[in-house]
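The first residue of the sequence shown is numbered 1, and numbering continues consecutively from there.
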Amino acid sequence: MNGDDLEAAIEWVQDWTGSRSDWREGPAARSALVVSCSMSDCPREPLWPVDATRNVVGVRTLGNQAGDRNGDRVELDGTIEHLERRHDITAALVVGHTRCQALEDAYDRRKGPDPELPAGIEARLAPLRSLVGDAFEEAVLSRSMAPRTIRYRLVEYNVRRQVAFLRRALSSSVTVAGYVHDQDGAYGSFPDKRYLVALDGATEPTTIRTRLPDDTSVQVASLLS
């Protein structure tokens with residue numbers, strides 16, 4: 001991905017966010033927040049624990065990031081913070097996707113800033129590059145892995161990290177779930193399935209399944225466990 005593509009993506013997100021004039025004034029009962037990637041064309045069907053009784057508000061960011069870097073700190077994304085003030089958020093979803101070009105680009109540029117990229121884009125990519133480094137330090141990734149394997153594992157790792165961040169940033173009463181939209185069949189034989197990979201503090205599939213309601217049909221999986 002080149003700098004023009006990234007800049008266009010960020011501008012699209014800003015335009016999309018600014019055009020959301022259909023948000024309700026004042027807090028809405030039982031609202032759900034959905035954080036997805038600005039470069040994803042994933043379907044928008046409801047995912048557990050979102051149901052028809054909830055008002056759904058969406059935020060699209062580069063690499064489905066839930067935070068903004070402020071100096072040495074990472075703070076809650078400004079749009080998410082605004083929505084939290086205006087709505088009674090009772091559930092939050094982070095939805096990644098296996099063809100995430102933002103993460104692929106962050107991996108390719110992990111060695112340092114690209115002087116050809118505008119400063120604003122570099123600022124948005126910096127946390128993702130840092131995340132790539134963390135993934136190597138935690139042995140989630142290794143240089144012996146195939147590029148496709150690295151990409152898929154990095155996508156899930158990123159979803160886990162964003163879920164953990166929202167778990168700390170939002171009220172403890174909010175259920176935070178992380179999904180990967182498997183566009184390539186990385187988790188199973190068929191593509192275009194969505195898999196629950198994180199639920200609040202749980203990432204082990206067996207543990208996640210024990211926390212789901214008995215009548216819930218959710219596909220749980222992990223490439224990292």
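In this structure, the separation between CG on Leu170 and CD1 on Ile80 is 7.5 Å, given to the nearest 0.5 Å. Between Ile89 atom CD1 and Ser173 atom OG the span is 10.5 Å, to the nearest 0.5 Å. The line from CG of Asn158 to CG of Asp134 is 11.0 Å long, rounded to the nearest 0.5 Å. For the atom pair OG1 of Thr149 and CG of Leu141, the computed distance is 10.0 Å after rounding to the nearest 0.5 Å. Here the straight-line distance linking atom CG of Asn55 with atom OG1 of Thr90 works out to 10.0 Å at 0.5 Å rounding. Interatomic distance, CG of Leu199 versus CD of Glu204, reported as 13.0 Å (0.5 Å rounding).
Two residues are said to be in side-chain contact when any heavy atoms from C-beta on lie closer than 4.5 Å; Arg30 and Asp51 meet this criterion. When side chains are defined from C-beta on, Val174 does not count as touching Leu33, because their heavy atoms never get closer than 4.5 Å. Contact annotation: the side chain of Val57 never approaches that of Arg86 to less than 4.5 Å [non-hydrogen atoms, C-beta and beyond]. Contact annotation: the side chain of Val220 approaches that of Leu212 to within less than 4.5 Å [non-hydrogen atoms, C-beta and beyond]. Arg99 has its side chain within reach of Asp184: a pair of non-hydrogen atoms, C-beta onward, lies under 4.5 Å apart. Inter-residue side-chain proximity for Asp77 and Phe165 is flagged as unmet; no heavy-atom pair is nearer than 4.5 Å. Contact of the Pro147 side chain with the Arg151 side chain is not registered, since no non-hydrogen atoms from C-beta on lie closer than 4.5 Å. Side-chain contact between Val132 and Phe136 is present, with heavy atoms from C-beta onward closer than 4.5 Å.
Salt bridge status for Asp200 with Arg211: absent, with no side-chain N to carboxylate O gap under 4.0 Å.
Heavy atoms from other residues, nucleotides or ligands lying under 6.0 Å from CZ of Arg69 number more than 12.
Smallest separation of non-hydrogen atoms from Ser31 and Arg54: O-NH1, 4.4 Å. For Ala102 against Gly63, the heavy-atom pair with the smallest separation is CB-N, 3.9 Å. Nearest approach of Leu224 to Arg160, heavy atoms of both residues: CB-NH2, 3.6 Å. Between Leu128 and Ala106 the shortest heavy-atom distance is CB-CB, 3.6 Å. Of all the heavy atoms in Ser225 and Thr203, the pair that sits closest is OG-O, 3.6 Å. Looking at every heavy atom in both residues, Ser171 comes nearest to Glu84 through N-OE2, 4.3 Å.
Remark: side-chain polar atoms of Arg109 are not paired, donor with acceptor, to backbone N or O of Glu104 under 3.5 angstrom. Listed for the Glu156 side chain is a donor-acceptor partner under 3.5 Å among the backbone atoms of Leu223. In this structure, the side chain of Asp182 engages the main chain of Tyr187 through a donor-acceptor pair within 3.5 Å. Judged purely by atom type and a 3.5 angstrom limit, Arg60 uses its side chain to pair as donor or acceptor with the backbone of Cys37.
With sequence neighbours excluded, no residue satisfies ring pair (Phe, Tyr, Trp, His ring centres under 6.0 Å) with Tyr152.
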Intermediate values then yes/no, side-chain contact (heavy atoms from CB on, under 4.5 Å), His82 and Val59: CA-CA 11 Å; His82 173 72; Val59 178; over 6 Å; no
Side chain to side chain donor-acceptor pair (under 3.5 Å) evaluation trace for Ser142 with Arg153: CA-CA 10 Å; Ser142 71; Arg153 292 176 67 88; over 6 Å; no
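With respect to Gln183, the side-chain hydrogen bond (donor to acceptor under 3.5 Å, both in side chains) criterion is satisfied by exactly one of Arg194, His97, Lys193: His97. Among Val197, Leu154, Val35, Val95, the single residue meeting the side chain to side chain contact (heavy atoms under 4.5 Å, CB included) criterion with Val159 is Val197.
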